[in-house]
Asks: 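After the structure tokens below, expect a handful of questions from me.
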Amino acid sequence: MKPLEHIRNSIKKALEENGFDASDKTLLSLEKPKQAEHGDISSTVAMNLAKIAKKAPRQIAQDLVNSLNKKLDPDYITKIDIAGPGFINFYLAEKCLQQSVLTILNEARDFGKSNWGDGYKINFEFVSANPTGPLNIVSARAAAVGDVLTTLFNMVGYEAKREYYINDAGRQVRLLGASVSARYMTELGNEQPVPEDGYHGEYLIDLAKEIFAKDGDKYASLADDERAATLGRMALEYMIGRHKASMKNYRLEYDEWFNETRIREANAHQKVLDHFAKTDMSYEKEDALWFRSSQFGDEKDRVLITSQGEPTYFLIDIAYHQNKYDRGFETLIDFWGPDHHGYIPRMSAALQALGHPKEKFDVSIIQQVNLLRSGKAIKMSKRAGEIVEMDELINEVGVDAARYFFVDRRISQPLDFDIDLAKKQSDENPVFYVQYAHARICNIMRHAQENGVEIPETADMSPMTNTFELALVIKLLDFPEMVTKAVENMEPHRITNYLHETATVFHKFYHENRVVTEDKAMTAARLMLCKAAKQVIANGLDVLGISAPENM
RNA sequence: GCGCCCAUAGCUCAGCUGGAUAGAGCAACGGACUUCUAAUCCGUAGGUCGAAGGUUCGAAUCCUUCUGGGCGUGCCA
């Protein structure tokens, strides 16, 4: 058993023994004291109980410690203190930390995993960009965040899937067709303007050229709307293909690419309309059909069917979300761009009206990205081809740096992405700092082997006693805790922070302790410690989808 | 007007759900390579946590108001 688990279990039993309710998981959370003299692990449970129990926190702490002293294994804990207003501080036994190195290595790739989520099925939908143009920078951030969070949820025992919704129908697709058709005719020498609200990006000129090179003037004789439809389908396919290629290049594998057409062809939105009609959730006004979203806290009611008789995007989207529930997902989590936050109340309202509890649908807004080059913001305008594309950025800075930077910030925070920094191969760049720690460990291993020292499968860890070594183990043991916290708070940046801190602790250890020496027992123990550090850093980088280089 | 996000060191940000003396990284300055990679480490300096109230044993963290910034507020998607 790992020391944190042991402490947690013991606190739980101590709580029960003293007549407290121990079912609240948050009561059992542990923290690391900032000052070394406050021990290795600390619990605030006594202070948190003070209000409920209406007793002095130090008194509660004393009662708990009395129980704890009877339960704790001296192989794990050498001392328990009560300090300040009622902190309970635990001092870990050296032996316990030494053995923990072996535990980490034993769990290897599974170190960090747990069954906290209990197989609960969650659908993560993210990016879902319109297939009318290349993916932009915000999509790149959403992709990184969504991918990493899905990985984290799966690590702690949820059954989480990645999903991408493709809007391959509706008004914007017609506009795409009209736009590419205009570009195509222009290519043939019959200049036509791209519709005002169409897509003006250069990528459609390129596509028109491609079509012309392949098929010549084959489509010129078609009627305008027929040509727009035909070329529109080609453009759609081309764009979706590009989106898929971008994601693959970004090391992101979706479980599902879901076409809007599937909803429309199955007439799934009709079921939503029927349900709303039956439950009096909809009404007609000014030739349109409205949904009573204001009854669920939205500012006003929303249109389901326009006065022209067309289903709105909103209606189709409701049916799509219902479809996700129908496929067995218990909770839906969407990541949307900042321009969509006004859309949350109406979708939440619709799903509640369909009988889904409010908490079964959650949206996280991923804030915008500002690209910086030479310290200045790059203007990203959606107009007339000034889009800075996701692929351009990835090609310039690399997948590793891009993923790290996009995840290294709270998602509710706008992100400044410094292109120069991301490319820099120096200590200023956190990605290299972390990767370097991994490469450095690999190098120690190589050096050992070159000098005839075999990398041990196991070792007597008792020579490992100094503060740098023990500090490293304590840091490594914190990894599963970090993973759980990242999931609970939907905060993937905790993983990058953790990795950076771990790299720091390792570099300090490296600086103070020579690993491969004449002392065979010490060498073996430190090699084991290095292996454990390598494993944890690799696991963390793996969560982020970032490579763990053997040398740099 | 209303709604969402935000305000912490010169810059970029953490701050583990209310805890102990507010921390990193960059930038600045001063040190450490005959050593398993100096892509590293050590040290110095830098703060009225936007402002004012409130809640309590205790607030950067929770509540209210204000100031200042970003975004949104279609029978678009």
Side-chain angles (χ1 to χ4, degrees), chain A residues 26 29-35 37-38 42 44 47-48 50-51 56-58 83-87 89 130 132 167 170-173 175 197 260 285-290 299-300 302-308 310 312-314 316-317 337-345 365 367-368 370 372 375 408-416 418 421 424-430 432-433 435-437 439-441 443-448 450-451 453 478 481-482 484-486 488-489 491 493-494 496-498 500-501 503-504 506-508 510-517 523 526 530 551-552:
Chain A
T26 57
S29 83
L30 300 169
E31 45 190 80
K32 208 172 315 150
K34 285 168 197 149
Q35 263 78 34
E37 64 265 29
H38 291 135
S42 127
T44 57
M47 293 180 290
N48 292 328
K51 267 174 229 158
R58 282 195 72 108
F87 290 95
N89 294 329
N130 275 340
T132 51
N167 303 119
R171 202 179 82 100
Q172 85 283 0
V173 172
L175 276 170
D197 46 359
E260 179 181 343
K285 191 181 89 183
E286 294 163 5
D287 294 332
L289 186 70
W290 297 71
E299 345 175 316
K300 56 181 178 182
R302 307 290 174 176
V303 171
L304 298 165
I305 303 279
T306 68
S307 52
Q308 307 298 309
E310 282 222 41
T312 57
Y313 177 87
F314 176 47
I316 305 293
D317 210 10
D339 51 338
H340 282 65
H341 74 243
Y343 194 76
I344 299 175
I365 295 297
Q367 288 295 327
Q368 66 182 89
N370 303 309
L372 303 180
D408 191 31
R409 205 118 300 172
R410 262 193 356 239
I411 55 183
S412 59
Q413 189 95 235
L415 170 72
D416 286 337
D418 185 335
L421 178 59
K424 225 173 251 180
Q425 310 213 347
S426 77
D427 51 348
E428 294 166 55
N429 187 338
F432 282 87
Y433 182 83
Q435 289 183 318
Y436 179 55
R440 200 171 216 185
I441 296 170
N443 200 60
I444 295 171
M445 308 286 185
R446 273 194 299 274
H447 178 263
E450 282 163 12
N451 287 275
V453 178
D478 213 20
E481 200 82 355
M482 271 308 144
T484 309
K485 293 253 166 71
E488 278 183 281
N489 303 296
E491 292 179 343
H493 73 275
R494 286 181 192 239
T496 52
N497 286 354
Y498 171 79
H500 197 276
E501 286 167 15
T504 298
F506 172 77
H507 285 310
K508 283 183 187 177
Y510 172 90
H511 193 258
E512 297 295 330
N513 300 281
R514 198 177 164 79
V515 175
V516 181
T517 63
T523 299
R526 285 187 177 155
C530 286
N551 53 59
M552 289 172 73

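Letters go in sequence order (proteins before strands), and every chain restarts at 1. Computed over heavy atoms, backbone and side chain alike; hydrogens, waters and symmetry mates excluded.
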Asks: What contact category does A:Gln368 fall into here, base, sugar-phosphate, or nothing, at under 4.0 angstrom with non-hydrogen atoms?
Replies: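 Since only primed, P, OP1 and OP2 atoms lie under 4.0 Å of A:Gln368, the category is sugar-phosphate.
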
Asks: In whole Å, measure the gap between the P atoms of B:rU56 and B:rU61 for me.
Replies: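 That atom pair is separated by 16 Å.
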
Asks: Side-chain contact test, heavy atoms from C-beta onward, threshold under 4.5 Å: evaluate it for A:Phe314 versus A:Val303 and give yes or no.
Replies: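 No. Closest side-chain heavy atoms not under 4.5 Å.
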
Asks: Looking only at atom P, what distance separates B:rC66 and B:rC4, rounded to whole Å?
Replies: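 Going atom to atom, P in each nucleotide, I get 14 Å.
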
Asks: Go through the N and O atoms of the side chain of A:Ser42 and the base of B:rA20, and report whether any donor-acceptor pair is under 3.5 Å.
Replies: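 Answer yes: a donor N or O sits under 3.5 Å from an acceptor.
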
Asks: I want to confirm an ordering. Mapping A:Pro33 and A:His447 to their closest nucleotides on RNA chain B, which one lands closer to the 5' end?
Replies: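 Mapping each residue to its closest nucleotide by heavy atoms, the 5'-most match is A:Pro33.
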
Asks: Between B:rC11 and B:rC76, how far apart are the two P atoms, rounded to whole Å?
Replies: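 45 Å, rounded to whole Å.
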
Asks: Base contacts versus sugar-phosphate-only contacts with protein, heavy atoms under 4.0 Å: please encode nucleotides 3-8 of chain B as B, S and - from 5' to 3'.
Replies: BBSS--

Asks: Mind checking if A:Asp478 touches a base, just sugar-phosphate, or nothing, with heavy atoms under 4.0 Å?
Replies: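 Answer is nothing: A:Asp478 stays at 4.0 Å or more from every strand.
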
Asks: Considering every strand and a 4.0 Å limit on heavy-atom distances, what is the contact class for A:Ala56: base, sugar-phosphate, or nothing?
Replies: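 Contact class for A:Ala56: none.
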
Asks: Rounding to the closest angstrom, what is the interatomic distance between B:rC49 and B:rA59 at atom P?
Replies: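 Nearest-Å result for B:rC49 against B:rA59 at atom P: 12 Å.
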
Asks: Which residues pass the side-chain hydrogen bond (donor to acceptor under 3.5 Å, both in side chains) test with A:Thr517, not counting sequence neighbours?
Replies: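 Only A:Thr523 meet the side-chain hydrogen bond (donor to acceptor under 3.5 Å, both in side chains) criterion with A:Thr517.
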
Asks: In this structure, which stretches of RNA chain B are paired as stems of three or more consecutive Watson-Crick or G-U pairs, both distances less than 3.5 Å?
Replies: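 Stems (3+ consecutive pairs) listed as B:1-5 with B:69-73, B:10-13 with B:23-26, B:28-32 with B:40-44, B:50-54 with B:62-66.
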
Asks: Answer with base, sugar-phosphate or nothing: what part of the nucleic acid does A:Asn551 contact at a heavy-atom distance below 4.0 Å?
Replies: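 Since a base atom lies under 4.0 Å of A:Asn551, the category is base.
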
Asks: Do the side chains of A:Tyr510 and A:Val515 get nearer than 4.5 Å, heavy atoms only?
Replies: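 They are not in side-chain contact.
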
Asks: Return no unless some side-chain N or O of A:Lys32 is found under 4.0 Å from OP1 or OP2 of B:rC16.
Replies: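 No, no such contact exists.
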
Asks: List in chain and number order the residues that pass salt bridge (charged side-chain N to carboxylate O under 4.0 Å, His left out) with A:Glu31, two or more places apart in sequence or in another chain; answer none if no residue qualifies.
Replies: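 Scan of A:Glu31 (salt bridge (charged side-chain N to carboxylate O under 4.0 Å, His left out), adjacent residues dropped) gives none.
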
Asks: Apply side-chain contact (heavy atoms from CB on, under 4.5 Å) to A:Asp197 and list each qualifying residue two or more places apart in sequence or on a separate chain.
Replies: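 Expected list: A:Arg171, A:Leu175, A:Pro195.
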
Asks: Can you say whether a donor on the side chain of A:Asn89 sits under 3.5 Å from an acceptor on the base of B:rA20, or the other way round?
Replies: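 It does, because a donor-acceptor pair links the side chain of A:Asn89 to the base of B:rA20 below 3.5 Å.
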
Asks: Using whole Å, what does the distance between atom P of nucleotide B:rU40 and atom CD1 of A:Ile441 come to?
Replies: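 After rounding, the gap between these two atoms is 15 Å.
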
Asks: Taking the chi torsion of B:rC29, is it syn (within 90° of 0) or anti (everything else)?
Replies: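 Here the answer is anti: the torsion falls beyond 90° from 0.
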
Asks: Report which part of the nucleic acid A:Asn497 touches: base, sugar-phosphate, or nothing (heavy-atom distance under 4.0 Å, all strands).
Replies: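 Touches sugar-phosphate only.
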
Asks: Grab the two heavy atoms, one from A:Pro85 and one from A:Arg58, that are nearest each other, plus how far apart they are.
Replies: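 Where A:Pro85 meets A:Arg58 most closely, the heavy atoms are O-CG, 3.5 Å.
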
Asks: Would you indicate, yes or no, if B:rC41 has its OP1 or OP2 atom less than 4.0 angstrom from a side-chain nitrogen or oxygen of A:Tyr436?
Replies: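 No.
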
Asks: Under 4.0 Å between any heavy atoms, over every strand shown, what does A:Arg409 touch: base, sugar-phosphate, or nothing? Just pick one.
Replies: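 It contacts sugar-phosphate atoms only.
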
Asks: Polar atom pairs between nucleotides 56-62 of chain B and protein, under 3.5 Å, N or O only, would you list them?
Replies:
residue : atom : partner : partner atom : Å
B:rG58  : O6   : A:Lys51 : NZ           : 3.4

Asks: Stacking here means centres under 5.5 Å and planes under 30°; does A:His493 stack on B:rA14?
Replies: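 Here A:His493 fails the 5.5 Å or the 30° condition.
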
Asks: Classify A:His340 by what it touches in the nucleic acid, base, sugar-phosphate, or nothing, heavy-atom distance under 4.0 Å.
Replies: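 Base: the residue A:His340, judged by heavy atoms under 4.0 Å, touches a nucleobase.
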
Asks: What is the ring orientation for A:His340 with A:Tyr343, classed by angle as parallel under 30°, tilted 30 to 60°, or perpendicular over 60°?
Replies: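 Taking A:Tyr343 first and then A:His340, their aromatic rings stand perpendicular (interplane angle over 60°).
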
Asks: For A:Arg494, check side-chain hydrogen bond (donor to acceptor under 3.5 Å, both in side chains) against everything at least two apart and list the hits.
Replies: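 Checked A:Arg494 against side-chain hydrogen bond (donor to acceptor under 3.5 Å, both in side chains); matches are A:Glu491.
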
Asks: Treating A:Ser42 as the side-chain partner and A:Lys32 as the backbone partner, does any N or O pair qualify as donor plus acceptor under 3.5 Å?
Replies: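 No.
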
Asks: Determine the contact category for A:Phe314: base if any of its heavy atoms lies under 4.0 Å from a base atom, sugar-phosphate if only primed atoms, P, OP1 or OP2 are that close, otherwise nothing.
Replies: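 No contact at all - A:Phe314 keeps every heavy atom at 4.0 Å or more from the nucleic acid.
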
Asks: Taking atom types as modelled, find out whether A:Ser307 and A:Asp287 have a side-chain donor-acceptor pair closer than 3.5 angstrom.
Replies: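 Absent: no donor and acceptor within the cut-off.
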
Asks: What's A:His38 touching, base or sugar-phosphate or nothing? Going by heavy atoms closer than 4.0 Å.
Replies: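 Base, at least one base atom sits under 4.0 Å.
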
Asks: What nucleotide, of B:rC36, B:rU40, B:rC41, holds the atom closest to the side chain of A:Arg440?
Replies: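 Selected nucleotide (nearest to the side chain): B:rU40.
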
Asks: Could one point to a donor on the side chain of A:Ser307 or the base of B:rC75 with an acceptor on the other under 3.5 Å away?
Replies: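 A donor-acceptor contact between them is present.
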
Asks: On a whole-Å scale, what distance lies between the C1' atoms belonging to B:rA77 and B:rU67?
Replies: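 My reading of the C1' atoms in B:rA77 and B:rU67 gives 36 Å.
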
Asks: Please list, chain by chain and in numerical order, all residues satisfying side-chain contact (heavy atoms from CB on, under 4.5 Å) with A:Glu512, sequence neighbours excluded.
Replies: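 side-chain contact (heavy atoms from CB on, under 4.5 Å) check on A:Glu512 returns A:Phe468.
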
Asks: Which residues satisfy the side-chain hydrogen bond (donor to acceptor under 3.5 Å, both in side chains) test with A:Asn130, sequence neighbours excluded?
Replies: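 So A:Asn130 forms no side-chain hydrogen bond (donor to acceptor under 3.5 Å, both in side chains) with any residue.
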
Asks: Using the C1' atom as the point on both nucleotides, what is the distance between B:rA7 and B:rA52, in whole Å?
Replies: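 Per the computed distance, 16 Å lies between those C1' atoms.
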
Asks: Excluding sequence neighbours, so at least two apart, what forms side-chain contact (heavy atoms from CB on, under 4.5 Å) with A:Lys285?
Replies: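 A:Lys285: side-chain contact (heavy atoms from CB on, under 4.5 Å) contacts with A:Tyr283, A:Trp290.
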
Asks: Provide the distance between the two C1' atoms, one in B:rG69 and one in B:rA51, to the nearest whole Å.
Replies: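 15 Å, rounded to whole Å.
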
Asks: Among B:rC75, B:rG15, B:rA39, which nucleotide sits nearest the side chain of A:Arg494?
Replies: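 Shortest atom-to-atom distance from the side chain points to B:rG15.
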
Asks: Name all residues meeting the side-chain hydrogen bond (donor to acceptor under 3.5 Å, both in side chains) criterion together with A:Arg514; count only those two or more places apart in sequence or in a different chain, and write none if there are none.
Replies: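 Here no residue qualifies.
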
Asks: Between the protein and nucleotides 33-35 of chain B, list every N/O to N/O distance that falls short of 3.5 Å.
Replies:
none

Asks: Does A:Lys300 or A:Thr312 map to a spot on RNA chain B nearer the 5' end, using the closest nucleotide for each?
Replies: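 Residue closer to the 5' terminus by nearest nucleotide: A:Lys300.
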
Asks: Would you call A:His507 and A:Arg440 a side-chain contact if the rule is heavy atoms closer than 4.5 Å?
Replies: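 A side-chain contact under 4.5 Å exists here.
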
Asks: What distance, rounded to whole Å, do you find between the two P atoms, one in B:rC26 and one in B:rA22?
Replies: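 23 Å, rounded to whole Å.
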
